[in-house]
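Below: one structure, written as structure tokens.
Residue numbers begin at 1 in each chain, while the letters A, B, ... track the order of the sequences. Atom set for the values below is all heavy atoms of this structure, side chains included, hydrogens, waters and symmetry mates excluded.
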Number of protein chains: 2
Amino acid sequence: MSAGRILVVDDEPQIRRIMRTTLTGAGYEVDDAKTGEEALAKLRDFRPELVLLDINMPGMGGLAACRAMRADPNVAIIMLTVHNTEAAKVEALDAGADDFVSKPFSTPELLARIRAALRRVPVSQSSPSRIRVGELTIDFGARTVTRGETASHLTPKELDLLRYLTQHANEAVPHRELLQAVWGPDYGDQVDYLRAFIKSLRKKIELNPDRPKYVTTEPWIGYRFNGAVESS
Amino acid sequence: MSAGRILVVDDEPQIRRIMRTTLTGAGYEVDDAKTGEEALAKLRDFRPELVLLDINMPGMGGLAACRAMRADPNVAIIMLTVHNTEAAKVEALDAGADDFVSKPFSTPELLARIRAALRRVPVSQSSPSRIRVGELTIDFGARTVTRGETASHLTPKELDLLRYLTQHANEAVPHRELLQAVWGPDYGDQVDYLRAFIKSLRKKIELNPDRPKYVTTEPWIGYRFNGAVESS
DNA sequence: CCGATCTTCATGACTTTTTCATGGTTTGTC
DNA sequence: GACAAACCATGAAAAAGTCATGAAGATCGG
């Protein structure tokens with residue numbers, strides 16, 4: 001098992017290559033992105049625990065990307081830049097970054113700051129790939145859910161939805177938050193998507209979908225996953 | 001209400017004084033300690049959300065104090081030192097510090113780092129999600145209120161109203177203030193909304209809604225929530 | 001082309017919010 | 001005390017919004 005997943009966001013290929021080597025050598029799983037837009041997409045797919053984010057990037061700048069990512073509390077953000085000015089630091093930190101490192105940086109210091117930041121990520125410590133809750137077994141690796149004897153295959157969106165709900169078990173998760181977590185930041189209003197998928201989710205995990213037990217609706221707010229989640 | 005409690009740990013009186021002035025000015029509640037031992041004691045009594053910890057101190061050093069404090073995940077630690085070496089930074093961060101600032105530091109940067117670190121402290125996060133008052137339990141996460149055995153579901157407006165009232169418990173909150181807090185700044189005059197919702201609130205939380213005990217009306221002013229609110 | 005998945009939409013049942021009319025209460029003035 | 005004016009509680013109904021559902025179209029990879 002890796003020490004964690006890290007997403008490197010920088011427009012310079014050379015930096016990405018160096019970072020990848022360094023971090024992989026330190027035991028992390030690494031993916032990279034060239035732009036802020038790409039980073040936001042990979043945030044959903046790769047699910048990093050930490051993002052190393054360059055401030056100076058063409059298109060959506062690092063600060064804008066940082067603000068967009070901050071919506072998810074389950075990821076730490078360390079910003080990087082060549083500008084070692086006080087104003088830059090304050091701006092980055094107030095955009096939601098957890099830490100700030102100026103280039104050129106020393107590798108040991110960067111690694112130490114990464115370790116420190118990862119300690120604070122709530123879920124992290126790598127989410128287990130299989131969990132049990134009540135008579136349910138959800139296998140995120142195999143993309144299946146088993147209730148009693150019957151196993152069902154979960155489609156990608158169903159899986160993402162279920163994952164986010166179980167990660168926030170026993171709290172009412174707002175529509176908007178769910179939509180943004182599963183579909184991306186631009187889809188906060190497409191409540192219909194949610195309803196359609198909640199329906200098919202329930203068909204697969206609930207004993208009788210008319211009176212849901214695990215995925216209940218929280219009227220006017222969103223949905224909620226009920227049950228004591230234990231890794232398995 | 002303060003922005004948070006901060007404990008300043010440094011053996012030089014002058015630093016403590018400057019820090020206290022700066023942080024108090026930024027809206028924080030401040031206490032200080034001269035030694036690591038004293039800091040550990042104040043950690044229990046003062047319950048700071050964040051500790052500013054000097055590395056160089058006589059007696060128990062800053063690093064040892066940091067390691068001891070790290071047992072409590074509900075406090076952020078920022079270490080300070082004049083030694084701006086890489087080794088010092090790595091050592092501090094691996095001792096459990098969340099961040100590292102070298103002296104002399106810029107005040108805006110320090111404040112920004114404090115804000116960033118406070119975002120990560122789990123508990124603090126201002127208002128608790130569950131409170132008890134008398135025979136009432138209000139769960140803002142689950143959006144329910146429980147009186148004795150009976151639990152009721154709260155609609156969004158009811159919840160917002162109750163939240164604002166409990167946050168200002170034992171004071172008369174004017175109509176206008178309540179309306180603006182719950183409905184928005186343009187609704188200061190819609191006293192009818194208030195009356196309708198106060199009524200349904202009372203139906204859910206009062207034993208007999210005719211003689212309200214928790215939500216009483218403050219004639220000619222507004223409403224008031226009575227009772228000792230304790231987080232739970 | 002086929003099948004699986006995702007998106008879009010219309011429908012009726014349901015809940016919350018808004019609006020309003022009624023009658024009772026308090027306050028202040030004569 | 002009588003009275004008007006402003007306030008308050010209540011119940012009921014209209015308006016607006018939300019939910020589950022089924023089904024049809026769009027998209028994508030093989």
Handout entry: N/O donor-acceptor pair under 3.5 Å between Arg120(A) side chain and Ala76(A) backbone
Key = no
Exercise for the section: Working to the nearest 0.5 Å, report the span between CG of Asp31(A) and CZ of Arg20(A). Expected result: 6.0 Å
Practice task
Could you check how far CG of Asp160(A) sits from C1' of dT5(C), rounded to whole Å?
Solution key: 13 Å
Practice task
In whole angstrom, give the distance that lies between atom CG of Leu159(A) and atom C1' of dC6(C).
Solution key: 15 Å
Problem - Expected output: side-chain Glu206(B) to main-chain Tyr214(B) donor-acceptor under 3.5 Å - result: yes
Handout entry: Given dT7(C), dT18(C), dT8(C), the nucleotide with the shortest approach to the side chain of Tyr193(B)
Key = dT18(C)
Exercise for the section: Using a strict cut-off of less than 4.0 Å between a Lys/Arg side-chain nitrogen and an Asp/Glu carboxylate oxygen, indicate whether Glu158(A) and Lys204(A) qualify as a salt bridge. Expected result: yes
Completion exercise
Reading nucleotides 14-30 of chain D from 5' to 3' and marking B where a protein heavy atom lies under 4.0 Å of the base, S where only the sugar-phosphate is that close, and - otherwise, the string is ---SSBBSS--------
Handout entry: Atom-pair distance (CG on Asp189(B); C1' on dT19(C)), nearest Å
Key = 16 Å
Exercise for the section: May I have the distance from Leu194(B) (atom CG) to dA9(D) (atom P), rounded to whole angstrom? Expected result: 10 Å
Fill in the blank from the handout: Rounded to whole Å, NE2 of His153(A) lies from P of dG3(C) at a distance of 17 Å
Handout entry: Rounded distance (Å) that lies between atom C1' of dA4(C) and atom CZ of Arg143(A)
Key = 13 Å
Practice task
Can you tell me the distance, in whole Å, between the CG atom of Leu179(B) and the P atom of dC8(D)?
Solution key: 11 Å
Completion exercise
Among dC6(C), dT17(C), dT18(C), the one nearest any side-chain atom of Pro156(B) is dT17(C)
Problem - Separation of dA4(C) C1' from Lys157(A) NZ (nearest whole Å) - result: 14 Å
